[in-house]
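Starting from 1, each residue takes its place in the sequence as its number.
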Amino acid sequence: RADDDKAFEEIYKRYWKKTFTITYQKINNIEVAKELVQSLFLRIWERRATNNINNLQGYIQTATKNSIINYLASQLVKEKYEKYLTLIQATTSSVESDISYKELKYAIEHALQHLPTKTAAIFRMSRFENLSIKEISIHFNVSEKAVEYHITQSLKTMRLHLKEFLTF
């Protein structure tokens with residue numbers, strides 16, 4: 001809390017290896033494990049003034065578990081989305097599907113025009129370019145929370161403009 005770099009460095013030295021090992025065992029990807037551990041310690045540092053941590057080891061264990069769960073959940077969503085896209089692409093061979101696809105694409109573009117420029121750009125990067133929230137936040141030099149806000153706002157607008165397509 002006192003912005004003591006040495007104290008944070010000591011916390012990092014004590015816990016990073018165990019945190020990394022647990023994360024790697026669950027994720028089985030070195031780069032992702034490194035990223036999750038780095039994000040965890042970065043959040044601890046960024047929230048040092050507001051966090052009231054009584055049991056540091058327990059806090060780190062819980063935060064690690066939550067990071068792993070969130071990552072695995074996002075991977076499941078990604079896999080489902082990819083399967084859904086594969087299914088949609090397989091059915092687009094018929095003329096009717098082609099027309100529906102074009103209508104949906106036009107409706108999406110039309111809905112995007114109702115968004116503020118930055119919000120639309122963030123939505124495109126998130127949904128069409130598959131960039132992570134962190135990558136988008138770095139690109140726009142804004143917080144991850146700001147990116148999440150823009151995505152949430154764009155999804156609300158998209159739902160409103162695409163409600164006729166949501167029934168299928």
Side-chain angles (χ1 to χ4, degrees), residues 19-20 22-51 60 62-168:
T19 304
F20 173 79
I22 291 168
T23 304
Y24 177 69
Q25 288 173 346
K26 299 293 183 185
I27 303 295
N28 202 25
N29 182 318
I30 289 176
E31 293 304 315
V32 172
K34 285 179 185 177
E35 181 76 25
L36 291 176
V37 171
Q38 181 180 4
S39 294
L40 170 76
F41 283 100
L42 180 62
R43 280 193 311 274
I44 290 172
W45 176 252
E46 289 174 343
R47 297 175 182 169
R48 66 191 175 279
T50 57
N51 275 350
I60 290 175
T62 301
T64 301
K65 180 181 90 171
N66 290 339
S67 292
I68 292 168
I69 290 170
N70 290 340
Y71 173 77
L72 293 174
S74 72
Q75 290 305 107
L76 285 175
V77 169
K78 183 179 176 183
E79 286 175 21
K80 286 181 181 180
Y81 181 71
E82 288 171 352
K83 286 179 184 178
Y84 173 75
L85 282 180
T86 303
L87 177 66
I88 291 296
Q89 290 169 349
T91 60
T92 58
S93 61
S94 72
V95 174
E96 184 178 339
S97 293
D98 286 343
I99 292 170
S100 295
Y101 175 74
K102 288 176 184 175
E103 288 175 351
L104 178 59
K105 187 175 179 182
Y106 174 79
I108 290 171
E109 287 301 322
H110 183 71
L112 284 172
Q113 291 174 359
H114 287 85
L115 294 172
T117 306
K118 190 175 192 177
T119 304
I122 288 173
F123 179 84
R124 287 178 195 277
M125 293 174 92
S126 170
R127 295 307 194 258
F128 300 153
E129 298 175 24
N130 295 319
L131 295 179
S132 70
I133 289 175
K134 184 172 188 160
E135 290 169 322
I136 296 169
S137 72
I138 291 169
H139 181 271
F140 282 100
N141 195 25
V142 297
S143 71
E144 290 181 22
K145 286 287 184 192
V147 172
E148 291 172 357
Y149 170 79
H150 284 284
I151 291 172
T152 301
Q153 293 306 310
S154 61
L155 290 173
K156 286 179 182 177
T157 301
M158 296 302 264
R159 277 189 209 101
L160 180 68
H161 285 88
L162 300 175
K163 60 185 169 194
E164 66 185 74
F165 291 97
L166 294 177
T167 55
F168 73 86

Distance check, rounded to the nearest 0.5 Å: [X] atom [atom1] versus [Y] atom [atom2]?
X	Y	atom1	atom2	value
R124	S154	CZ	OG	11.0 Å
S67	L72	OG	CG	10.5 Å
Q113	H161	CD	NE2	10.0 Å
N29	K34	CG	NZ	10.0 Å
F41	T64	CZ	OG1	7.0 Å
E135	N130	CD	CG	10.0 Å

Give the minimum heavy-atom separation between [X] and [Y], together with the two atoms involved.
X	Y	result
A33	T23	CA-CG2, 3.7 Å
A121	F140	CB-CZ, 3.8 Å
L112	F123	CD2-CD2, 3.5 Å
T157	A111	CG2-O, 4.2 Å

### Query
Heavy-atom distance under 4.5 Å between the side chains of L155 and R127, does that happen here?
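Yes, their side chains come closer than 4.5 Å.
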
### Message
So N70 and L36, do their side chains get closer than 4.5 Å, heavy atoms only?
### Response
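When only atoms from C-beta onward are counted, N70 and L36 do not touch, as no gap falls below 4.5 Å.
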
### Task
Would you please name every residue forming a side chain to side chain contact (heavy atoms under 4.5 Å, CB included) with T62, sequence neighbours left out?
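Listed in chain order: N66.
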
### Query
Which pairs count as salt bridge (Lys or Arg N to Asp or Glu O under 4.0 Å) when at least one residue sits in residues 35-47, sequence neighbours excluded?
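Passing the test, one end in residues 35-47: E35-K134.
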
Just distance, no hydrogens or angles: give the donor-acceptor pairs under 3.5 Å from side chains in residues 142-151, sequence neighbours left out.
from	atom 1	to	atom 2	distance (Å)
S143	OG	A146	N	3.0
H150	ND1	T119	OG1	2.8

### Query
Just by modelled atom types, is the I122 backbone N or O under 3.5 Å from a matching donor or acceptor in the S126 side chain?
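Flag not set: sc S126 to bb I122 has no pair under 3.5 Å.
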
#### Entry: Main-chain N/O of Y106 paired with H110 side-chain donor or acceptor, under 3.5 Å
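Between the backbone of Y106 and the side chain of H110 there is no qualifying donor-acceptor contact (under 3.5 Å).
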
